[in-house]
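For ligands, and for the atoms within them, numbers begin at 1 and follow the listed sequence.
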Amino acid sequence: MNRISALFDIQYPIVQGGMIWCSGWELASAVSNAGGLGLLGSGSMYPEILREQIIRCKAATDRPFGVNVPLLYPNIEEHIATIIEHKIPIVFTSAGNPKSYTARLKAKGIKVVHVVSSRKFALKAQDAGVDAVVAEGFEAGGHNGREETTTLCLVPAVRQAVQIPVIAAGGIGSGKAMLAVRILGADGVQIGSRFIATPESSAHEAFKSMILNAEEGDTKLTLKELTPVRLLNNPFYQEIVRHYENHASPEELAELLGRGRAKKGMFEGDLEHGELEVGQVSSMIRAIQPAGDVVREIWQEYQHELNNLQRLT
Ligand code: NDP
């Protein structure tokens, strides 16, 4: 059996990214019900919201699902306590030191996966005792690595460095891409952007429409002085560009970003002033599709391509 399917007790090694403002119980349960692994994106949830989301997700699926916890989340202790109390079997941590919570979660029998953007961080995560790593390349939406390592270069480097299972992320939205990263050494895939464009995602409809119209080059990686982030080129991004042209300091960039930009853009649909986090693969997403269909389509295409590999000889 595939190492990722076995680790999470799921049918297909396809994980839905736990994206802030997009990944509530509707999306996570739909992905898990279809045989993948759904994740709740707890980074945008106040503690009582996460509790409610977990209860709803449990009511909507009998299958395993997990929670993504950005380690720089302000009320992280409460989230960790909620996860333990509700016996969540799988936690994906990101944006922080994997040493902080791995041992505590694992002592409770929880599988821990950490998201990394470099070989060095993958080794650090393995040393911290995580069960698997997500190797997320430059193409990915949202928070991103500083080194700009692409998925094509990152996955084989991480594969070579660690013994634990590797989940590839960044630029993956099809069964063909899944096969490509499996050949590079990944045991499974994590997919974000494609799952935003589903009826079950909690993203605002205007944001979903903008993804459907995104062209090649429409997402940009920026704000490296703060936390690097990939987002859609909109008036807010243009304002960031103007700040750079005027040699803005990190403090001035932080002031421009302010608070709640991601909520404004992704959840409230303010396409002008909001932050719209999505990956490069958005230029290939052309339809809103039920999340279960996305899982099945990716798996079927992967199988089909795998069975036809001979055509490449
Ligand atoms: P901001 O500081 O700009 O805004 C905080 C937002 O999070 C507000 O919209 C607020 O909602 C909401 N929120 C939810 N829970 C809390 C809480 N306990 N305390 C304060 N605010 C809370 O942060 P961002 O919107 O940029 O990011 C929010 C979180 O998501 C962070 O933890 C960040 O690390 C994570 N994140 C992860 C990304 C990834 O790629 N994994 C990408 C971007 C962010 P309200 O307006 O209702 O008060």
For the backbone of Val112 and the side chain of Asp131, can you confirm whether one donor and one acceptor N or O come within less than 3.5 Å of each other? yes
Does the pair Arg242/Glu245 count as a salt bridge with the N-to-O cut at 4.0 Å? no
Decide whether a cation-pi geometry holds between Arg230 and Phe138; the criteria are a distance under 6.0 Å from NZ or CZ to the six-membered ring centre and an angle within 45° of the ring axis. yes
Would you mind listing every salt bridge (Lys or Arg N to Asp or Glu O under 4.0 Å) that reaches into residues 137-164, with sequence neighbours excluded? Glu148-Lys224, Arg159-Asp187
Could you name the protein residues that come within less than 4.0 Å of ligand 1, counting only heavy atoms, and order them by chain and residue number? Ile20, Trp21, Gly43, Ser44, Met45, Tyr46, Pro70, Leu72, Tyr73, Pro74, Asn75, Gly142, His143, Gly258, Arg259, Gly260, Ala262, Lys263, Glu277
Flag, side chain of Gln53 to backbone of Gly24, donor-acceptor distance under 3.5 Å: no
Side chain of Asp9, backbone of Ser5: donor and acceptor closer than 3.5 Å? no
